[in-house]
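What follows is one structure encoded as structure tokens, with my remarks underneath.
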Amino acid sequence: MTSRVLSALLLLVSLAFTGCRSKSAPTFEPLKLADGRVLSAQTLARGHSVYAYYCASCHGEQGDGQGPAGRGMRPVPRSFRQGLFKFGGVSVGELPTDEALKRTLRRGLHGTPMFAWDVPDADLDAVVQYLKTFSPRWKEEVPGKPLEVSADPWRGRDAEAIERGRVAYHVSGAGNAGCSSCHVAYLPRAELAALMKKAFGRDVDLSKVDPYTAQVRESDHPVEVDTKGEPTRTQKVLPPDFLFQPLRTIWAVGDTVEGAPYTPERQREDLYRVIAAGVGGAAMPTWKGAIPEENLWALAYYVQTLVMLRDTDEAEALRARLRGSTMK
């Protein structure tokens, strides 16, 4: 089933879901947020209408991710009651920026039924504000400080950046992220061991370990909730293998995203943004400030080389070579 067909079906479910109800529209009081802003009743009413039409079938009328069309979906639709968002443009655990929420609505998320919504800007803003009625966090906490995208220090030096990123990806500590400890390694065993020996100053035996299988991690995203909307069971997540799985917020170079060509530079910037901020509610931490900026950008360059291979014969050949590799 293509994403376009799935999108059409979801919209039909949404229309049926909203059309079968005869409830009168709720009324709202102005909502004061912790950052000092006051959301008007008119904005919230408009946001509620947009939400009921486009979002409630998956995310649920109560914003708990338990909508009739969302049950059984994997990944599960977001519960807005937690105030946790994967791609908030801020450090993991902080409330997201409005711009990050709008970016997700405008672009959608790859590998999920969340597709791009082409709605007027006023509706987009209204529904983003309405989402804040579901969680008390918005009345108690201010949103996180937006993580700025720094200037690319490797511009014009791609080969150097990729080499630095290769180390930062596979080695932990000393300014490196060690991404392969959760995702998978992309170097043959002997090459990976040599890289670690250089970093740690000692021999590392990888003959009896499997660095090419990602490890399932816990997340904070509920699969089931109780009558109060509180999580009773959470979803386990598998860190993506960049050679074979689409990344939620990364498009293929050459696509048109938000009306503009998706260039290698835009793709790298989006990779930087996710690596820097981390993924809220999942095991992916915030790397901004934890490792040097030049290594953050180097990781974006290196991961981009893997993303470019996704689902190609070269990717299959690399996987076969890695799994058959030895310490010699």
Side-chain angles (χ1 to χ4, degrees), residues 3-4 6-8 10-15 17-18 25-26 28 30-65 67 69-70 75 77-90 94-135 137-139 142-144 146-147 149 248-251 255-262 266 269-270 273-274 277 280:
S3 59
R4 187 177 296 278
L6 180 58
S7 299
L10 286 172
L11 183 55
L12 287 174
V13 170
S14 176
L15 291 172
F17 178 61
T18 55
F28 295 91
L31 176 64
K32 184 173 183 179
L33 304 178
D35 63 8
R37 288 183 294 166
V38 177
L39 305 178
S40 71
Q42 292 81 2
T43 295
L44 296 178
R46 182 168 184 165
H48 170 266
S49 296
V50 177
Y51 182 87
Y53 191 83
Y54 290 106
C55 315
S57 61
C58 292
H59 292 281
E61 284 186 281
Q62 303 305 315
D64 55 7
R78 177 70 48 246
S79 168
F80 300 121
R81 298 169 67 93
Q82 295 176 295
L84 290 176
F85 296 84
K86 280 188 171 180
F87 308 105
V90 295
E94 296 180 328
L95 289 175
T97 67
D98 285 4
E99 181 53 40
L101 294 174
K102 291 176 185 177
R103 183 187 303 117
T104 297
L105 289 167
R106 287 194 301 262
R107 294 184 171 191
L109 296 173
H110 278 307
T112 81
M114 178 67 192
F115 56 96
W117 290 106
D118 184 15
V119 298
D121 288 345
D123 284 349
L124 198 65
D125 183 67
V127 77
V128 162
Q129 306 313 324
Y130 178 71
L131 297 181
K132 298 171 184 175
T133 65
F134 290 122
S135 171
R137 289 189 65 189
W138 295 96
K139 294 188 291 185
V142 298
L147 295 181
V149 178
R248 302 287 189 245
T249 60
I250 306 301
W251 275 253
D255 283 358
T256 298
V257 180
E258 294 189 78
Y262 200 64
R266 290 185 70 190
E269 184 174 308
D270 282 342
R273 185 177 288 111
V274 175

(request) State the CG-OG1 distance between Asp125 and Thr43, to the nearest 0.5 angstrom. (result) 7.0 Å
(message) Set out, in order, the CA-CA distance, both residues' side-chain angles and the distance that settles side chain to side chain donor-acceptor pair (under 3.5 Å) for Asp270 and Tyr262, then state yes or no.
(response) CA-CA 10 Å; Asp270 282 342; Tyr262 200 64; 2.6 Å; yes
(message) Is any side-chain heavy atom of Trp138 closer than 4.5 Å to one of Pro143?
(response) yes
(request) Return yes if some donor-acceptor pair links the side-chain N/O of His59 with the main-chain N/O of Arg78 below 3.5 Å, else return no. (result) yes
(request) Take the angle between the ring planes of Trp117 and Tyr54 and call it parallel below 30°, perpendicular above 60°, tilted in between. (result) perpendicular
(request) Compare every heavy atom of Phe134 with every heavy atom of Gly63, then report the nearest pair and how far apart it is. (result) N-CE2, 3.5 Å
(message) Taking Pro261's backbone N and O only, do any of them form a donor-acceptor pair with Arg266's side chain (distance below 3.5 Å, no angle check)?
(response) yes
(message) For a quick test of reading the model, state the closest non-hydrogen atom pair linking Gly83 to Leu95 and the distance between them.
(response) O-CD2, 3.7 Å
(request) Quick one: closest heavy-atom pair of Ala277 and Val90, and the distance? (result) CB-O, 3.5 Å
(message) Using 0.5 Å steps for rounding, measure from the CG atom of Leu33 to the CG atom of Leu39.
(response) 4.0 Å
(request) Identify the two heavy atoms, one from Val127 and one from Cys55, that lie closest to each other, and give their separation to 0.1 Å. (result) CG2-SG, 4.2 Å
(message) Give me the atom names and distance for the closest heavy-atom approach of Arg107 to Glu258.
(response) NE-OE2, 2.7 Å
(request) List the steps, then state whether side chain to side chain contact (heavy atoms under 4.5 Å, CB included) holds for Leu101 with Phe85. (result) CA-CA 9 Å; Leu101 294 174; Phe85 296 84; 3.6 Å; yes
(request) Rounded to the nearest 0.5 Å, what's the gap from CG on Leu147 to CZ on Arg273? Could you check? (result) 10.0 Å
(request) Please examine the side chains of Lys139 and Leu31, heavy atoms only from C-beta on, and report whether any two atoms are closer than 4.5 Å. (result) yes
(message) Restricting to side-chain contact (heavy atoms from CB on, under 4.5 Å), what partner residues turn up for Leu84, sequence neighbours left out?
(response) Gln82, Arg137, Asp220
(request) Any chance you could lay out the side chain to side chain contact (heavy atoms under 4.5 Å, CB included) test for Thr249 and Leu109, step after step, and finish with the verdict? (result) CA-CA 6 Å; Thr249 60; Leu109 296 173; 3.8 Å; yes
(message) Are the side chains of His48 and Pro26 in contact, using a 4.5 Å heavy-atom criterion?
(response) yes
(message) To the closest 0.5 Å, what do you measure between CD (Gln62) and OG1 (Thr133)?
(response) 9.5 Å
(request) Kindly indicate whether the side chain of Asp98, heavy atoms from C-beta on, has any atom under 4.5 Å from the side chain of Gln129. (result) yes
(message) What I'd like to find out is whether the side chain of Val128 reaches to under 4.5 Å of the side chain of Leu105, using heavy atoms alone.
(response) yes
(message) Please give me the minimum heavy-atom distance between Thr97 and Gly89, naming the atom from each residue.
(response) CG2-O, 4.5 Å
(request) Could you tell me whether a side-chain N or O of Arg81 sits under 3.5 Å from a main-chain N or O of Ser135, the two making a donor and an acceptor? (result) no
(message) Whether Asp35 and Lys132 form a salt bridge (side-chain N of Lys/Arg under 4.0 Å from carboxylate O of Asp/Glu) is what I want to check.
(response) no
